Amino acid sequence: MVQYSEETYLYDPSLLIKLDFHRSPAKFKPFISAANPGEPWMKVRPLKDTDYDRGFLQLLSQLTHVGNVSRTQFLTRFSQMKASGDYFVTVIEDTRKNEIIGAASLVIERKFIHNCAVRGRLEDVVVNDTYRGKQLGKLIVVTVSLLAEELGCYKMSLDCKDKLIKFYESLGYVLIPGNSNSMTIRYDEGPTLKRNATSSGSSGTVGDSCQTNSQFYNFFSPFCY
């Protein structure tokens with residue numbers, strides 16, 4: 001097992017201890033929470049800068065194409081997300097294997113509306129195939145949903161496939177009549193991709209430190225599409 005002399009959390013892990021899972025309409029059988037995820041070898045926590053070595057990116061590859069992200073790119077993106085204070089990537093670790101087995105992201109949007117309120121978006125939800133059946137998908141979604149409430153978000157939103165509507169409804173999410181369409185414009189396909197590739201060498205661009213560009217913002221998973 002790799003030993004690390006110093007590790008950095010993406011956000012304060014004590015935030016997860018404060019979450020009251022009894023506030024969620026989700027039904028856990030048996031009851032589990034971020035503090036007690038059901039197995040002594042499981043731990044729910046913020047992403048760490050050392051999770052590059054715990055298979056975090058390999059887990060994300062179960063969602064979509066990740067790319068050949070180097071350690072430097074990973075650490076640069078991690079530092080950017082931590083500095084912004086608006087990214088709450090949360091993971092489940094199998095401490096026996098030193099491996100990340102589940103993850104979800106809460107992304108905070110800062111608004112002028114609603115008295116300069118903040119809105120949460122649920123993104124990038126994934127559970128390792130071999131661990132499904134342990135309520136971990138439900139656990140990670142409820143964790144970041146309660147975290148959004150704890151952080152003062154006035155609402156939490158997501159996009160999902162039709163077959164997952166019932167799953168998310170069981171966790172408290174609702175379809176809004178007349179406002180349930182999901183629309184996307186892609187910049188990583190077709191002629192636009194060539195344009196982006198041509199301009200990627202200029203300094204000061206968003207994509208200069210991690211060549212994921214808009215793929216970073218378009219999360220595709222079995223849970224959130």
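Predicted, not measured: the structure shown is a model, and the values here were computed from it. Values reported hereafter were calculated over all heavy atoms of this structure, with side chains retained and with hydrogens, waters and symmetry mates removed.
Without hydrogens or angle criteria, Glu150 side chain to Asp20 main chain gives no donor-acceptor distance under 3.5 Å. In this structure a side-chain-to-backbone donor-acceptor pair under 3.5 Å is missing from Asn36 to Ser33. In this structure a side-chain-to-backbone donor-acceptor pair under 3.5 Å is missing from Ser24 to Phe21.
Identified under the ring-ring contact (aromatic ring centres under 6.0 Å, His included) test for residues 31-60, with sequence neighbours left out: His22-Phe31, Tyr52-Phe74. Applying the salt bridge (charged side-chain N to carboxylate O under 4.0 Å, His left out) rule to pairs touching residues 26-40 yields Glu39-Lys134, sequence neighbours excluded.
Scanning both residues, Met81 and Tyr87, for their nearest heavy atoms gives CE-CD2, 3.4 Å. Residue Thr143 comes nearest to Ala34 through the heavy atom pair OG1-CB, 4.0 Å, listed as atom of the first residue, atom of the second, then distance. The two atoms that bring Ala26 and Val142 nearest to each other are CB-CG2, 3.7 Å, heavy atoms only. Across Val127 and Leu59, no two heavy atoms sit closer than the pair C-CD1, 4.2 Å. Contact between Cys160 and Leu158 at its shortest, heavy atoms only, is CB-CD1, 3.7 Å. Across all non-hydrogen atoms, the minimal contact from Leu10 to Pro46 is N-CB, 4.3 Å.
Within the 4.5 Å cutoff, no side-chain heavy atoms of Ile92 are placed close to those of Pro37. Contact annotation: the side chain of Tyr9 never approaches that of Leu47 to less than 4.5 Å [non-hydrogen atoms, C-beta and beyond]. Between Asp124 and Val89, the closest side-chain pair of non-hydrogen atoms is not below 4.5 Å. Under the 4.5 Å side-chain criterion, counting only non-hydrogen atoms from C-beta, Leu151 is in contact with Leu106. Proximity of Phe88 to Ile108: side-chain heavy atoms (C-beta onward) are separated by under 4.5 Å at one or more points. A heavy-atom distance below 4.5 Å is not found between the side chains of Glu109 and Cys153.
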TODO: Step by step, work out the side chain to side chain contact (heavy atoms under 4.5 Å, CB included) result for Asn128 and Glu99.
DONE: CA-CA 10 Å; Asn128 186 299; Glu99 179 182 347; 3.7 Å; yes
- [ ] Test Thr90 against Ile140 for side chain to side chain contact (heavy atoms under 4.5 Å, CB included), laying out the working first.
- [x] CA-CA 8 Å; Thr90 305; Ile140 196 68; 3.9 Å; yes
TODO: Start with the C-alpha distance between Leu57 and Gln73, add both sets of side-chain angles, then the distance that settles side chain to side chain contact (heavy atoms under 4.5 Å, CB included), and finish with yes or no.
DONE: CA-CA 12 Å; Leu57 296 179; Gln73 288 176 311; over 6 Å; no
Open item on the list: Set out, in order, the CA-CA distance, both residues' side-chain angles and the distance that settles side chain to side chain contact (heavy atoms under 4.5 Å, CB included) for Asn98 and Glu93, then state yes or no.
Closed with: CA-CA 7 Å; Asn98 208 34; Glu93 180 185 358; 3.2 Å; yes
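At most 12 heavy atoms of other shown residues, nucleotides or ligands fall within 6.0 angstrom of atom CG in Asp162. Few gaps surround CG on Asp129; more than 12 heavy atoms of other groups in view lie less than 6.0 Å from it.
Exactly one of Asp51, Asp53, Asp49 qualifies for a salt bridge (Lys or Arg N to Asp or Glu O under 4.0 Å) with Arg71. That residue is Asp53.
Separation of atoms NE2 (His114) and SG (Cys116) is listed at 11.5 Å; rounding is to 0.5 Å. The distance from atom CZ of Phe78 to atom OG1 of Thr8, rounded to the nearest 0.5 Å, is 6.0 Å. Between the NZ atom of Lys43 and the CD1 atom of Ile100 there is a distance of 10.5 Å, given to the nearest 0.5 Å. Note that the CG atom of Asn179 and the CG atom of Asn181 stand 7.5 Å from one another [nearest 0.5 Å]. Note that CZ of Arg119 is 8.0 Å distant from CD1 of Ile113, once rounded to the nearest 0.5 Å. The CZ atom of Arg23 sits 4.0 Å away from atom CD of Glu149, with the distance rounded to the nearest 0.5 Å.
Side-chain contact of Asp86 with Ser84: a donor-acceptor pair under 3.5 Å is absent, judged by distance alone.
Between Tyr173 and Tyr168, the ring planes are perpendicular. Angles over 60° get that label, and only those under 30° would be called parallel.
Both Leu147 and Phe28 belong to a single network of hydrophobic side chains, linked directly or stepwise wherever heavy atoms of I, L, V, M, F, W or Y lie under 4.5 Å apart.
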